[in-house]
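Structure, as structure tokens:
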Amino acid sequence: MRALNRLSCLTARGGCAAAAMSFALCAPAAAEMLKAHYALSLMGLSIGSASASGIVDAQNYRVEISMRTTGLANLINNAKGAASASGGLTAGGPSPANYANTTSNSDETRTVRMSLVGNAVRAVEVRPAPWDAEARVPVTESAKRHIVDPVSALIMRVPPGEELTGPSACNRTISVFDGVTRFDVELAYAGAHTAQTRGYAGPVTVCSARYTPIAGHRPDSSATRYMANNNDISVWLAPLPDAHVVVPIYIAIGTAAGKLVIDASEFQIEQRRADVRR
């Protein structure tokens, strides 16, 4: 589950606290509404589900995600969580304004609330604080700049004039801060594929991914070392043409316990005229 969280979140520490979103009125523009459901499996066995919903246009976004374990996974650790993020879209990618998550498992419930300006943390609150905070690599103020939160990291801007499928969709390094840990995810183009699920049938870009811990982690953590050396992570990115962004439709992570797969069973994209407030 840690591997799932670090990609986002997809989320062992990610969850959804409803954050009040206050936006300045912008001119109506074409926007895309995304509604997706994902099946979570480990070694081919179902262990849970996740969902994502949101609205993205050329200038703004707001997204909510949730996940929960089911079946055999609940015998080990009954986990659930949800997260939300909102902000603006710039030429360089998402510029989040608000992020919130709440997760719970058999041992505890943790809530993170964060406000950001210019891709830098303005304020962050984590309750309860990690019990092993003193053993973790300190997160400096500079590590809290030029970052996105784990939910905003799922929205990837493709440069204007570049194809939404191909190397430009993948080749990037995403700097992420989840309120506790700071890490990088480096994506590299690995090929093309055709995805087919309820609501979407079409081309996707296949990326390989590498995880690099920066701060907030325990240097003696075997899980962190495993992920840092993990060469078996791939992500398929599906296009949202109007906003000129790509988002994950499939994620596969090699773990010590076997292959963890997050696969969209539904991926609906709807166009509409948006009155997005920021």
Side-chain angles (χ1 to χ4, degrees), residues 1-2 4-24 34 50-56 60-69 77-90 93-155 174-185 213-218 247 276-278:
M1 297 306 295
R2 288 186 184 177
L4 174 60
N5 173 41
R6 290 189 174 113
L7 282 180
S8 349
C9 1
L10 308 163
T11 77
R13 291 188 180 104
C16 177
M21 291 180 261
S22 160
F23 299 89
L34 173 65
S51 64
S53 62
I55 183 167
V56 183
N60 306 282
Y61 68 94
R62 59 177 182 266
V63 177
E64 296 181 355
I65 65 174
S66 63
M67 64 78 64
R68 68 182 305 124
T69 57
N77 192 357
N78 187 349
K80 62 181 179 179
S84 63
S86 62
L89 276 175
T90 69
S95 180
N98 297 287
Y99 167 73
N101 81 45
T102 299
T103 52
S104 62
N105 57 32
S106 303
D107 299 321
E108 70 172 9
T109 296
R110 173 166 291 151
T111 299
V112 177
R113 298 179 185 273
M114 186 161 57
S115 61
L116 306 95
V117 176
N119 292 96
V121 176
R122 182 172 62 180
V124 61
E125 178 184 47
V126 180
R127 292 188 178 181
W131 65 270
D132 56 353
E134 292 185 359
R136 293 171 176 258
V137 176
V139 180
T140 64
E141 289 304 311
S142 62
K144 298 179 186 178
R145 296 194 288 268
H146 310 295
I147 55 90
V148 293
D149 62 82
V151 175
S152 300
L154 303 177
I155 304 171
I174 307 171
S175 299
V176 184
F177 180 58
D178 64 8
V180 175
T181 57
R182 166 74 176 82
F183 56 93
D184 284 348
V185 177
I214 303 297
H217 60 284
R218 290 188 60 138
V247 297
V276 180
R277 298 174 182 270
R278 186 179 180 206

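Computed from a prediction, not measured in an experiment: that's the story for all the values here.
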What distance separates [X] [atom1] from [Y] [atom2], expressed to the nearest 0.5 Å?
| X | Y | atom1 | atom2 | answer |
| --- | --- | --- | --- | --- |
| T102 | R110 | OG1 | CZ | 11.5 Å |
| S95 | L89 | OG | CG | 9.0 Å |
| M67 | S51 | CE | OG | 10.5 Å |
| R145 | N119 | CZ | CG | 12.5 Å |

Locate the shortest heavy-atom distance separating [X] from [Y]; write the atom from each residue and the value.
| X | Y | result |
| --- | --- | --- |
| V148 | P94 | CG1-O, 3.7 Å |
| T109 | S104 | OG1-CB, 3.2 Å |
| D149 | V151 | OD1-N, 2.9 Å |
| G216 | T181 | O-CG2, 3.3 Å |
| V126 | P130 | CG1-CD, 4.4 Å |
| G88 | Y61 | O-CE2, 3.4 Å |

| task | Show the numbers, then the answer: is there a side chain to side chain contact (heavy atoms under 4.5 Å, CB included) between V247 and L154? | result | CA-CA 6 Å; V247 297; L154 303 177; 5.6 Å; no
| remark: Residues passing the side-chain contact (heavy atoms from CB on, under 4.5 Å) test with V117, sequence neighbours excluded, are R122
| request: Return the set of residues passing side-chain contact (heavy atoms from CB on, under 4.5 Å) with P138 (not counting sequence neighbours), or none when no residue passes. | output: none
| query | Going through the checks in order, is the side chain to side chain donor-acceptor pair (under 3.5 Å) test met by D184 and S175? | reply | CA-CA 5 Å; D184 284 348; S175 299; 3.1 Å; yes
| message | What I'd like to find out is whether the side chain of D178 reaches to under 4.5 Å of the side chain of V112, using heavy atoms alone. | response | no
| said: What I'd like to find out is whether the side chain of I147 reaches to under 4.5 Å of the side chain of L116, using heavy atoms alone. | reply: yes
| field | Flag, side chain of R136 to backbone of H217, donor-acceptor distance under 3.5 Å | value | no
| said: Counting neighbours of CD on E134 that are heavy atoms of other residues, nucleotides or ligands and sit closer than 6.0 Å, is the number greater than 12? | reply: no
| said: Test side chain to side chain contact (heavy atoms under 4.5 Å, CB included) on R113 and T111; report intermediate values, then the result. | reply: CA-CA 7 Å; R113 298 179 185 273; T111 299; 4.2 Å; yes
